[in-house]
Every structure is written in C-alpha cells, then in structure tokens.
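All ligand and atom numbering here is 1-based and tracks the order in the structure.
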Amino acid sequence: MSDQRVYNFSAGPSMLPLPALERAGAEITDYRGSGMSVMEMSHRSKVFMDIFHETQDKLRRLMSIPDGYHILFLQTGASGQFSAVPLNLIGRTGKADYAVTGNFSGLAYQEAQKYGQISMAADTSDRDHSYIPRQEELKLDKDASYFYYCANNTIYGTEWDYVPETGEVPLVCDMSSNILSMPVDVSKFGVIYAGAQKNMAPAGLTVVIIRDGLQGRELPYTPLMMNYKTMIDKDSMYNTPPCWCIYMLGLTLDWVEANGGVAGMERLKWTRANMLYETLESSRLFQLHGEKGSRSGMNVTFRTGDEALDAKFVQEAAAAGFVNLKGHRKVGGMRASIYNAMPVEGVEKLCDFIQSFDRAN
Ligand SMILES: *Cc1c(COP(=O)(O)O)cnc(C)c1O
C-alpha cells in the first residue's frame, strides 16, 4: 500500500480496492489503446459498450443472477429508489409492507406514503434500531404489492441474517451497504437495489436487479427516468448512464472475483467484523449499539457512554491513521465501516489501537 494511504472507515463513499484504483490510474488517459479516457468516451461507442456489457456479465456471474432478471445501471442514488419502487410496483394492489429497521428504511417508508397505503410490517425504533425483527414478528399482508426491507442498516450497525419469507408477495431489498459481501439467492427477490458508493464503485451509480415481469405497471405520473420499463427496454441507455462509475464497478468486480467471489468476501467480512466485536466486547470502556444476533458485518457501532471520551477516541484514532470513525449523529459514538475493500490488516491494527486506548483511559 502507498505510504500515504490511511485506513478509511467511512460509511460511504468509502474505500475501493487498491488494485482497482491503480488500474484506473494506469488507464486514465488512454484506455487500452483507445487514445482516450473512459471519462471521454461516447456511451454508445463500441469500446464503452464492451465495458458496459462486460460489467453486467461479471455482476451476473458473481451474484449468480438468474436469467429472467434484468441488471440496470441507473443514477439518482439509492434514495431515488425510495420513490421508484412504489411508483413502479404499488399499482398492483395499492398497498405495500415496509419493515422499518433504521434510517434509510424509515425514509423509504415515508416516501412511499405518497403513492399508496403503506403498512409498517416491523418497527424497531422502540430500542433505537438496535435489533432485527424475527420472521414471526413481521406483520405481513398477503395483498401487499411488495414487502420492503433494508438488508444492512448502515447508520445503526445491524444486518438481517435471514431473507424474510413473504409467500407470493415480491421482496424488495435495499442492499446498498452489504451487496457483494455474501452469497444471495437472487431468485427469492423481486427487486434488489444498491447505491454503488459503499461496496462497489464511486458515487453516482445505482444498481437495480429486477425480476422480469415486475415492470410495466408503473403509476401514470411516474417520471420517465424512474420508469423501470423504460430502463429495461433501453438497457439503461435511455440517456447517458454513469459511464465512469460503471467502468469502476467492473474493476472492483475483477478484484472480487480474484479474491474468492462473494463467498470469499463473506469470509473476509466476518473475519474483520468478529475480530472487532470481540475486541470491543472484551474492553472495559466500550459498549456496542447493535444487539447480539443482529450485528452488522459491515458497520460496527460502539460508544463509551461519555461524549468527550468518544471525541478523544475519534481524534486520537485519526492521528494514528484510522480515519472517519465518528458515528452518525443519530446514534452518536463511533462507527467503523468495514466494507469489502477494507484490508483485514486495517481492522487488526484498529483492534490494537482500541486495546491501547482502553488501557490508557
Ligand atoms: C447510503 C445508503 C443509502 C443512500 O444512498 P444514496 O446513494 O446517497 O441515495 C440508502 N440506503 C442505504 C442502506 C445506504 O447505506
């Protein structure tokens, strides 16, 4: 690693794999003899179309996305999907179920109310979103157009360790902060979406994986750019797609593939996370926000209970090369985001730092 690089625990945008960054750097002014940067290419040129389709193919291979599912490369961020999901899917029955287990599912729930009758299938705010509801606690409506949940709660540091069973009701999942960190049975889902800037690519790309047949029922006032059918029919090229981010996603996927695919990512994920959880649990000073059994393998939230001491921790950690550990203002304390690209060594060194801080204070 370059001497200047820090261990960046940012929740997103976040670390990208160094080999992907280095390849982008090497190709930045002349992409493989084309005489131009990927940033300068027409999105309809053969050279870019090859990048585009190879990236789709790699994602399909790595996530074992079955035939009968479309892969879209869109803009407007994961938050754009808070609107796109109800606009496109609620038309079937006018109703939908939402599990609200954190900040982003709460925002999606609020947004969806504009478009239909939305029920809270679960609400974990009673214990400050520190846990994930069990299957038998979900209040399911068999007439819902879809069931919506967020697989990893980036701000609160909890993660679903199961895929809800909803019978015939299509599952919609926000996987922004844990996509590509574990194998997923895509055939269980109607729609999976993710903003790229946590585990995939720079900000500006949103990946949507959608089962064929769910498009084409959008509400009549659905904005053109949010219409799944338009984007499926045009293979995400109704307008200019986020070309550079798609290229970067391809480079990240090459790195994932070279490191054991999503099964390899899952091993690394729990190697990092378990090490950090064990260190924090055996400390004197620190408490974890997420409850046992609900803890995230991607975002580890913790605090001392003393704001001044938390601030001291964040400051001393940054000075030691561990940056962006301050927690989100909704939870306070600290958050270590340890996405795919965070080296295990970065977490080992952070654990050493936590132990010496624990001893010194
Ligand atoms: C970051 C994040 C979002 C918001 O993503 P944007 O691309 O900034 O809109 C939504 N959901 C989850 C789970 C996230 O982690």
Protein contact of [atom] - nearest heavy atom, named by residue and atom, plus distance:
| atom | result |
| --- | --- |
| atom 9 (O) of ligand 1 | Ser79 OG, 2.6 Å |
| atom 8 (O) of ligand 1 | Gln197 NE2, 3.3 Å |
| atom 5 (O) of ligand 1 | Ala78 CB, 3.4 Å |
| atom 2 (C) of ligand 1 | Lys198 NZ, 2.5 Å |
| atom 11 (N) of ligand 1 | Asp174 OD2, 2.6 Å |

Numbering the atoms of ligand 1 from 1, which are under 4.0 Å from a heavy atom of [X]?
| X | answer |
| --- | --- |
| Gly77 | 7 (O), 9 (O) |
| Thr154 | 12 (C), 13 (C), 14 (C), 15 (O) |
| Ser177 | 13 (C), 15 (O) |

Let me check something: do Leu16 and Ile28 share a hydrophobic cluster, defined by ILVMFWY side-chain heavy atoms less than 4.5 Å apart, either directly or through other members?
yes
Hey, are [Y] and [X] close enough side-chain-wise for a donor-acceptor pair under 3.5 Å?
| X | Y | answer |
| --- | --- | --- |
| Asp143 | Thr93 | no |
| His129 | Asn103 | no |
| Asn340 | Ser181 | no |

So Trp160 and Tyr162, would you call those rings parallel, tilted or perpendicular, with 30° and 60° as cut-offs? tilted
| query | Under 30°, 30 to 60°, or over 60°: which ring-plane class applies to Phe357 and Phe286, parallel, tilted or perpendicular? | reply | tilted
Would you say the ring centers of Tyr98 and Tyr146 fall short of 6.0 Å from each other? yes
Polar contact flag for Thr76 and ligand 1 (N/O pairs, less than 3.5 Å): no
Q) Closer than 4.0 angstrom: is that true for some heavy atom of Cys150 and an atom of ligand 1? A) yes
